[in-house]
Amino acid sequence: MHYAMFDTALGACGLAWNDAGVARVQLPAAEARDTRLRLARHPNFREHAPTPTITRVIALLQAYMRGEAADFGWVEVDMAEADALERQVYVAARDIPWGAAISYGELAERIGLQNGARDVGHALSRNPTAIIVPCHRIVASGGKLGGFSAPGGADTKLKLLELEGVRIGTPAGQGALF
């Protein structure tokens with residue numbers, strides 16, 4: 001498994017990959033060294049120069065974090081460590097377009113899981129490829145933000161949604177998009 005560090009408008013990020021595709025997106029921690037440590041703590045990860053494909057993915061992530069619409073649909077994601085439900089959730093989440101948000105319950109219904117909002121939330125909490133698998137676009141019902149397991153938690157989720165123009169929890173009639 002290889003990884004590379006790169007700078008973005010939101011801070012230093014990391015990307016890990018193998019022959020199957022992108023295996024991890026490390027969102028910025030408070031300090032760049034913390035982002036690197038989060039990747040380096042995995043015993044099989046080694047820092048490496050990015051391949052041409054990974055260079056394209058990095059450039060797209062950088063554009064995304066500048067607030068530019070980005071389509072990651074072509075990016076191969078290694079889901080070998082995901083269980084069957086997680087894979088279903090991640091594939092369905094990838095269908096949510098830039099600038100949109102749906103609830104955990106709505107995503108559960110899309111994959112045929114009745115009353116499965118908690119199961120969807122649990123699967124998303126284990127998503128190692130945030131942004132490429134846009135778990136930030138899945139929010140709680142009633143216009144609430146919901147959780148986010150990346151560094152910065154819900155504040156990071158809110159920043160990512162704001163980059164896309166999605167406003168969560170605004171009073172009715174004041175431009176709420178969800």
Side-chain angles (χ1 to χ4, degrees), residues 1 10 13-29 38-39 42 44 57 60-61 64-65 67-178:
M1 183 80 67
L10 299 180
C13 290
L15 186 72
W17 72 94
N18 58 30
D19 291 340
V22 174
R24 177 170 301 279
V25 174
Q26 187 63 58
L27 295 178
R38 286 177 187 266
L39 285 168
H42 296 277
N44 298 329
V57 175
L60 197 57
L61 285 164
Y64 174 89
M65 292 189 197
E68 299 172 24
D71 177 11
F72 294 95
W74 62 272
V75 178
E76 294 292 326
V77 176
D78 177 6
M79 295 190 196
E81 292 188 21
D83 65 29
L85 176 61
E86 290 167 346
R87 282 191 296 277
Q88 267 191 297
V89 169
Y90 300 164
V91 168
R94 292 188 79 184
D95 288 337
I96 302 166
W98 168 276
I102 66 169
S103 72
Y104 295 101
E106 287 176 271
L107 187 60
E109 287 176 14
R110 286 185 182 189
I111 63 171
L113 190 62
Q114 297 303 315
N115 300 314
R118 286 181 192 253
D119 294 328
V120 165
H122 178 73
L124 292 172
S125 74
R126 296 177 37 82
N127 174 20
T129 55
I131 300 175
I132 294 172
V133 173
C135 52
H136 63 283
R137 294 180 186 151
I138 297 88
V139 297
S141 62
K144 296 184 177 105
L145 188 59
F148 197 59
S149 58
D155 289 340
T156 298
K157 183 175 186 172
L158 188 57
K159 281 181 194 173
L160 296 176
L161 289 168
E162 287 173 346
L163 281 174
E164 298 184 29
V166 177
R167 294 180 295 284
I168 301 297
T170 58
Q174 299 210 0
L177 297 178
F178 182 77

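For the numbers below, each heavy atom of this structure counts, side chains included, while hydrogens, waters and symmetry mates do not. Residue numbers run from 1 in the order of the sequence given. It should be emphasised that the depicted structure is a prediction, and the values quoted were computed from it without experimental measurement.
Across every non-hydrogen atom of Ala117 and Gly105, the tightest pair is CB-N, 3.7 Å. Scanning both residues, Ala100 and Val166, for their nearest heavy atoms gives N-CG2, 3.9 Å. Taking all atoms of both residues into account, the shortest heavy-atom contact from Ala70 to Tyr64 is CB-CB, 4.0 Å. Across every non-hydrogen atom of Pro134 and Ala93, the tightest pair is CG-O, 3.3 Å. Across Arg94 and Val75, no two heavy atoms sit closer than the pair NH2-O, 2.9 Å. Ala108 and Gly116 make their closest contact through CB-C, 3.6 Å (heavy atoms, listed as atom of the first residue, atom of the second, distance).
Proximity of Arg24 to Leu15: side-chain heavy atoms (C-beta onward) are nowhere separated by under 4.5 Å. Looking at Ile138 and Glu106, their side chains never come closer than 4.5 Å, going by heavy atoms from C-beta outward. Looking at Phe72 and Val133, their side chains never come closer than 4.5 Å, going by heavy atoms from C-beta outward. In this structure, the side chains of Leu158 and His136 stay at 4.5 Å or more apart for every pair of heavy atoms. A 4.5 Å side-chain heavy-atom check between Arg110 and Ile102 finds at least one atom pair inside the cut-off. The shortest side-chain heavy-atom distance between Asp119 and Val89 does not fall under the 4.5 Å cut-off. Counting only heavy atoms from C-beta outward, the side chains of Leu160 and Leu27 approach each other to under 4.5 Å.
Under 3.5 Å, the side chains of Asn127 and Thr129 contain a donor-acceptor pair of N or O atoms.
Taken to the nearest 0.5 Å, the OG1 atom of Thr156 stands 11.0 Å off from the CG atom of Leu161. To the nearest 0.5 angstrom, Cys13 atom SG is 3.5 Å from Met65 atom CE.
Remark: the backbone N or O of Ala29 is not paired with any side-chain donor or acceptor of Arg38 at under 3.5 angstrom.
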Legend entry - Intermediate values then yes/no, side chain to side chain contact (heavy atoms under 4.5 Å, CB included), Trp74 and Leu60: CA-CA 11 Å; Trp74 62 272; Leu60 197 57; 3.7 Å; yes

Inset, instruction - May I have the step-by-step check of side chain to side chain contact (heavy atoms under 4.5 Å, CB included) for Leu85 and Leu113, ending in yes or no? - result: CA-CA 10 Å; Leu85 176 61; Leu113 190 62; 4.0 Å; yes

Legend entry - Val57/Trp17 under side chain to side chain contact (heavy atoms under 4.5 Å, CB included): CA gap, chis, key distance, verdict: CA-CA 11 Å; Val57 175; Trp17 72 94; over 6 Å; no

Inset, instruction - Begin from the C-alpha positions of Trp98 and Asp71 and carry the test side chain to side chain contact (heavy atoms under 4.5 Å, CB included) through to its verdict. - result: CA-CA 8 Å; Trp98 168 276; Asp71 177 11; over 6 Å; no

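Among pairs with a residue in residues 76-90, those fulfilling side chain to side chain donor-acceptor pair (under 3.5 Å) read Asn18-Asp78, Glu86-Arg126, at least two apart in sequence or across chains. A salt bridge (charged side-chain N to carboxylate O under 4.0 Å, His left out) check over residues 130-139, counting only residues at least two apart or in different chains, returns the pairs Arg137-Glu164.
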